Amino acid sequence: MVIRVQRFRRLLLATLVFLCAAGCVRREGRTSDCKWPPERAAGPATAQHLSEDAEFAEDLAIRYSDVHHGLRTPYYVSGEDYASNRDRCIARLFGEIAKQHSVPIESVYGSLGQNRAYIDLAINLPFALLYCLVTAVVARAIWRRYPPAESGWLPGATMILFLSLAFSVAFVMVGDIWARIAETYRVGNGHMSYRADRLLWARHLTALFSAAFATFLLTAAEVARRMLGKDSRLETRSMRSTFKKVERPGRAGLNL
């Protein structure tokens, strides 16, 4: 159990390192006063850089509202007041970004949440690989517990079907938690706010559940095929060995 926990921690650490390399929100220049820090790079920006600036400005606006209009502050009025002040801060910061890079402010708004392909890959690929590994282990355990050659296909197939549904539900629940933890680390802010709605799990929940369900069934079928093939090869070797043992005494009798 300890070894498994250590492996999980190593996988999570590798995920966070890979994730930060894919696109961590920058840490320098963070404040809670709704001010855009100066940048060295000015003029026209690439789509990737503009998206990173917009995401950083969004984080600054959320920090500003958390400190000056948040629920646990003496300045809290209502959720609407919090959201309106956050949005005004975002508009102000986006205006400064647009001016600095000589682009329309609509381009800054449109770049927010874009160019997430590598980020989503870095967050979800390790978890998907872990899920595939777990399904293979579970499927192998089920077929060993209910071998088709002895129990028939019905008991094992029933358990496979039941666990495929259970594991698919667990996959989307744990995967969402996994993604939120990784995204919190990436943005460097424990308050995700509405940013959690941009995660892959929030946008494609049904598709991810279906993919997990199909993956479990396909993995179980592949495990069963390999186990049957292995048993068939062992049976063939056993029969060949038996034939050799039967043939040897006959040959010895003829020599006599």
Side-chain angles (χ1 to χ4, degrees), residues 13 15-124 176-204:
L13 179 60
T15 301
L16 296 179
V17 172
F18 183 32
L19 177 61
C20 201
C24 272
V25 175
R26 73 191 221 212
R27 267 55 172 171
E28 69 277 3
R30 285 182 174 175
T31 62
S32 59
D33 52 6
C34 195
K35 291 184 178 179
W36 181 250
E39 285 188 278
R40 293 181 180 178
T46 62
Q48 180 68 33
H49 183 81
L50 198 63
S51 178
E52 292 173 355
D53 279 357
E55 192 173 25
F56 182 56
E58 180 187 46
D59 185 62
L60 293 180
I62 291 175
R63 290 174 182 273
Y64 164 77
S65 293
D66 286 345
V67 172
H68 298 282
H69 305 279
L71 180 62
R72 295 179 177 82
T73 66
Y75 317 107
Y76 179 76
V77 177
S78 65
E80 291 76 10
D81 178 73
Y82 172 91
S84 63
N85 281 281
R86 179 198 62 208
D87 293 342
R88 279 197 294 269
C89 180
I90 288 178
R92 176 183 174 183
L93 296 177
F94 278 15
E96 295 186 23
I97 294 173
K99 181 179 179 181
Q100 183 176 30
H101 294 297
S102 303
V103 296
I105 191 172
E106 292 79 11
S107 299
V108 184
Y109 274 100
S111 68
L112 183 61
Q114 302 301 315
N115 303 301
R116 283 190 58 92
Y118 290 109
I119 295 172
D120 288 334
L121 182 66
I123 290 177
N124 299 298
D176 182 60
I177 296 173
W178 171 289
R180 287 174 182 267
I181 293 175
E183 185 73 0
T184 297
Y185 174 83
R186 188 184 72 85
V187 301
N189 189 345
H191 183 202
M192 287 295 297
S193 186
Y194 61 85
R195 291 180 287 188
D197 296 336
R198 290 202 292 262
L199 295 177
L200 191 68
W201 302 86
R203 294 182 287 116
H204 305 289

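Keep in mind the model is a prediction, meaning the values are calculated, not measured.
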Measuring from atom [atom1] of [X] to atom [atom2] of [Y], what distance do you get when rounded to the nearest 0.5 angstrom?
X      : Y      : atom1 : atom2 : value
Leu71  : Thr73  : CG    : OG1   : 8.0 Å
Trp36  : Thr31  : CH2   : OG1   : 10.0 Å
Leu199 : Asp120 : CG    : CG    : 7.5 Å
Tyr82  : Ser65  : OH    : OG    : 5.0 Å
Ser111 : Glu55  : OG    : CD    : 9.5 Å

Please find the pair of heavy atoms, one from [X] and one from [Y], that lie closest to each other, and give the distance.
X      : Y      : answer
His69  : Tyr64  : NE2-OH, 3.6 Å
Ser193 : Ile62  : CB-CD1, 4.0 Å
Ser51  : Gly113 : OG-N, 4.5 Å

Worksheet entry | Tyr118-Gln48 side chain donor-acceptor pair, cut-off 3.5 Å | no
Worksheet item: Are side-chain N/O atoms of His101 and Asp53 paired as donor and acceptor at under 3.5 Å?
Response: yes
Item to complete: Quick one: do Trp178 and Ile123 satisfy side chain to side chain contact (heavy atoms under 4.5 Å, CB included)? Show the steps, please.
Response: CA-CA 8 Å; Trp178 171 289; Ile123 290 177; 4.2 Å; yes
Worksheet item: Is it true that atom OH of Tyr75 has more than 12 heavy atoms of other residues, nucleotides or ligands lying nearer than 6.0 Å?
Response: no
Worksheet entry | Trp201 and Asn124: CA distance, side-chain angles, deciding distance, side chain to side chain donor-acceptor pair (under 3.5 Å) verdict | CA-CA 9 Å; Trp201 302 86; Asn124 299 298; 2.7 Å; yes
Within-4.5 Å side-chain heavy-atom neighbours: [X] and [Y]:
X      : Y      : result
Met192 : Asp197 : no
Ile177 : Ile181 : yes
Arg198 : Leu112 : yes

Discussion item. Please determine whether a side-chain nitrogen of the Lys or Arg among Arg180 and Glu183 lies less than 4.0 Å from a carboxylate oxygen of the Asp or Glu.
Written reply: no
N/O donor to acceptor pairs below 3.5 angstrom from side-chain atoms of residues 88-98, sequence neighbours left out:
residue: Arg88; atom: NH2; partner: Asn85; partner atom: OD1; Å: 2.9

Worksheet item: side-chain contact (heavy atoms from CB on, under 4.5 Å) with Asp59: which residues, sequence neighbours excluded?
Response: Arg30, Arg63, Asn189, Arg195
Worksheet item: Does any N or O in the side chain of Ser107 come within less than 3.5 Å of the main-chain N or O of Val103, such that one atom is a donor and the other an acceptor?
Response: no
